[in-house]
Student: 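Got a structure for you, questions after.
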Amino acid sequence: MEKPQQTEQTRFEVEENSLTEQAAAWFLRIQQSDHNHAEQKTFEAWLAQSEAHRAEYQQYVRLWQNLDQLEERKPQKKRHSTIVGIILIMVMFSALHWLVHYEEVIITAIGEREQIKLADGTTIDINTNTKLRLALFGLTRKVTIEHGEALFKIGNERLRTFEVYAGNGTIRDIGTEFNVNLEKDKTTVAVLEGAVEISLDDLLFPSAIIQSGQQLSYSKHGLSDTLRTDTGTVAAWRKNRLVFRDTPLSEVVQQINRYHIRPVRLIDTQLNTLRVSGEFNATDRDGLVRALKTLFPLQSSELDDMTVLHVEKQ
């Protein structure tokens, strides 16, 4: 699907603004004597990420040096008050960028996937038939998933929180890589690395923290139990693979239809509970239908707008 040119320009602008914000925030923090060793190491890693990071930071260093030279001939008390004023001006300048509300809607069509990268190093892989909103404002980076699936690999910026809102819950990053799948009113969160905290809109339900190799689901009825999960299976869709482990046929068909415009339908209700295990190519619709007909005594019929699976006639 062709993306509007304006979308790419806007994304570039927000990345540029975010880099300015990061450089300003790091400069102000490093000037403070109480910054710790961990912050210093994180800052050095941020600088090492790219030449753009180092160039942006050096602009603030040069500005500070020039202003400092202008103050050398002034009395110490006056000099101190002037520097405080400069810091306040820089904070206000940085805040102007941070407080600008930016929002972008990203939609993938059936069978389409997309990857976006933010200036902070965060990567978002967006699966087929997904709609999400990316918002950057103030001290918050927030993604709202309206439907579909996305995998998040969070960059090393810790100055702003990263939140994903899906269904009736909020997922907060605690330094991690995680997958979120929202289908109808059920959201499934699986952690590939690190940990996330999940809290529901209804405060009657307790929040939960899940670690690497774990997953849980939630809905308006609350949180499920935490289960172990195969991280390779969770992320298989990025390689166009569908992996099923004793999965009901009705759910298998539902997954097939996420990737293809022409749907597959089961017309015999007794087929719903048949179980499927195996790994399949998500892009090969005909191959998927053939595989199901091989696994089970099924026939297929092509109607005007769909493929129907039914019990093989004796």
Side-chain angles (χ1 to χ4, degrees), residues 1-15 102-118 122-136 141-154 162-168 171 177-190 192 217 233-244 247 249-266 276 279-292 300 302-309:
M1 176 182 291
E2 184 178 353
K3 295 288 187 300
Q5 184 66 28
Q6 183 179 2
T7 299
E8 296 301 325
Q9 292 173 345
T10 304
R11 186 175 300 159
F12 172 80
E13 291 167 1
V14 75
E15 290 180 356
Y102 165 81
E103 183 170 322
E104 179 182 359
V105 178
I106 302 171
I107 300 173
T108 55
I110 293 176
E112 179 187 30
R113 291 190 292 113
E114 184 175 351
Q115 182 184 85
I116 62 173
K117 293 184 179 180
L118 305 183
T122 295
T123 301
I124 307 176
D125 286 286
I126 306 168
N127 203 359
T128 176
N129 193 23
T130 296
K131 180 178 181 180
L132 59 79
R133 297 178 183 274
L134 170 64
L136 306 175
R141 298 165 296 165
K142 183 175 183 178
V143 173
T144 300
I145 299 179
E146 297 193 6
H147 62 79
E149 183 172 26
L151 191 148
F152 301 86
K153 187 171 185 178
I154 309 302
F162 194 100
E163 297 180 349
V164 177
Y165 185 77
N168 61 312
I171 302 127
E177 183 177 5
F178 59 99
N179 193 82
V180 182
N181 184 14
L182 171 60
E183 292 189 56
K184 298 181 180 177
D185 62 347
K186 178 183 176 182
T187 303
T188 301
V189 183
L192 284 70
S217 299
T233 298
V234 169
W237 61 264
R238 290 191 297 180
K239 298 179 180 179
N240 292 319
R241 307 303 295 175
L242 288 174
V243 181
F244 303 114
T247 306
L249 181 57
S250 58
E251 184 176 332
V252 170
V253 168
Q254 180 180 335
Q255 292 301 313
I256 293 173
N257 291 339
R258 291 179 61 198
Y259 292 85
H260 301 279
I261 295 175
R262 184 176 175 84
V264 176
R265 296 283 185 260
L266 299 176
V276 178
E279 182 173 336
F280 306 90
N281 182 352
T283 64
D284 184 4
R285 182 183 180 278
D286 291 341
L288 286 163
V289 172
R290 286 196 303 272
L292 294 179
S300 62
E302 298 297 329
L303 302 182
D304 291 340
D305 58 350
M306 71 179 71
T307 298
V308 174
L309 291 176

Student: Taking the side chain as every heavy atom from C-beta outward, state whether Thr122 and Lys117 have any pair of such atoms under 4.5 Å apart.
Tutor: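 No, side chains not in contact.
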
Student: What distance separates Leu182 CG from Asn168 CG, expressed to the nearest 0.5 Å?
Tutor: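 Output value for this atom pair is 9.5 Å.
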
Student: With respect to Lys131, which candidate in Glu149, Glu114, Glu146 satisfies the salt bridge (Lys or Arg N to Asp or Glu O under 4.0 Å) definition?
Tutor: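 Exactly one pass, corresponding to Glu146.
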
Student: First locate atom CG of Asn129, then atom CD1 of Ile126, and finally report the distance between them rounded to the nearest 0.5 Å.
Tutor: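 If we round to the nearest 0.5 Å, Asn129:CG and Ile126:CD1 are 12.5 Å apart.
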
Student: For Val276 versus Phe244, what's the shortest heavy-atom pair and its separation?
Tutor: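 Shortest heavy-atom separation between Val276 and Phe244 comes out as O-CB, 3.6 Å.
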
Student: May I ask you to decide if Asn127's main-chain N or O and Thr108's side chain share a donor-acceptor pair within less than 3.5 Å?
Tutor: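 Side chain of Thr108 to backbone of Asn127: a pair is present.
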
Student: Do you know which two heavy atoms are closest between Gly148 and Thr130, and how far apart they sit?
Tutor: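 Here Gly148 and Thr130 meet closest at CA-OG1, 3.3 Å.
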
Student: If you measure from CD on Glu163 to OG1 on Thr144, what distance do you get to the nearest 0.5 Å?
Tutor: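 Rounded to the nearest 0.5 Å, the CD-OG1 separation comes out at 9.5 Å.
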
Student: Could you measure the distance from the CG atom of Asn240 to the CZ atom of Arg113? Nearest 0.5 Å is fine.
Tutor: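 Reported value, rounded in 0.5 Å steps: 4.5 Å.
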
Student: To check you understand the geometry: which heavy-atom pair defines the closest contact between Thr188 and Ser217, and what is its length?
Tutor: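 Heavy atoms of Thr188 and Ser217 come nearest at OG1-OG, 2.9 Å.
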
Student: Should Ile256 and Leu292 count as side-chain neighbours, where that means a heavy-atom distance under 4.5 Å?
Tutor: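 Answer yes - side chains close enough.
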
Student: Is there a donor in the side chain of Glu112 and an acceptor in the side chain of Thr128, or the other way round, less than 3.5 Å apart?
Tutor: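 No donor-acceptor contact under 3.5 Å links the two side chains.
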
Student: Of the options Ile171, Val143, Leu151, which is the one that meets Val180 in a side chain to side chain contact (heavy atoms under 4.5 Å, CB included)?
Tutor: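 Per the side chain to side chain contact (heavy atoms under 4.5 Å, CB included) rule, the option paired with Val180 is Ile171, out of Ile171, Val143, Leu151.
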
Student: Does the plane of the ring in Phe152 sit parallel, tilted or perpendicular to the ring in Phe178? Use 30° and 60° as the thresholds.
Tutor: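 Parallel: the ring planes of Phe152 and Phe178 meet at under 30°.
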
Student: Rounded at 0.5 Å granularity, tell me how far CG in Asn179 sits from NZ in Lys153.
Tutor: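 Taking CG in Asn179 and NZ in Lys153, the distance rounds to 14.0 Å.
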
Student: Might you work through the side-chain contact (heavy atoms from CB on, under 4.5 Å) test for Leu242 and Tyr259, ending with a clear yes or no?
Tutor: CA-CA 10 Å; Leu242 288 174; Tyr259 292 85; 3.6 Å; yes

Student: Determine the minimum heavy-atom distance between Ala150 and Trp237, stating which atoms define it.
Tutor: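 For Ala150 and Trp237, the tightest heavy-atom pair comes out as C-CZ2, 4.2 Å.
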
Student: Looking at side-chain heavy atoms only, is the closest gap between Leu288 and His260 below 4.5 Å?
Tutor: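 Answer yes - side chains close enough.
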
Student: State, to 0.1 Å, how close Leu309 and Ser300 come at their nearest heavy-atom pair, and which atoms those are.
Tutor: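 Looks like CD2-CB, 3.8 Å.
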
Student: With a 4.5 Å limit on heavy-atom distance, are the side chains of Arg258 and Asn181 in contact?
Tutor: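 Yes, side chains in contact.
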
Student: Whether Arg238 and Glu177 form a salt bridge (side-chain N of Lys/Arg under 4.0 Å from carboxylate O of Asp/Glu) is what I want to check.
Tutor: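 Result for this pair is yes, salt bridge flagged.
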
Student: For the side chain of Arg285 and the backbone of Arg262, is there at least one donor-acceptor N/O pair under 3.5 Å apart?
Tutor: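 Looks like yes, one N/O pair under 3.5 Å.
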
Student: Quick one, Ile145 with Thr187, criterion side-chain contact (heavy atoms from CB on, under 4.5 Å). Give me CA distance, side-chain angles, the key distance, then yes/no.
Tutor: CA-CA 10 Å; Ile145 299 179; Thr187 303; over 6 Å; no

Student: Drop me the distance from Gln255's CD to Glu183's CD, to the nearest 0.5 angstrom.
Tutor: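 Result: 5.0 Å between the selected atoms.
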
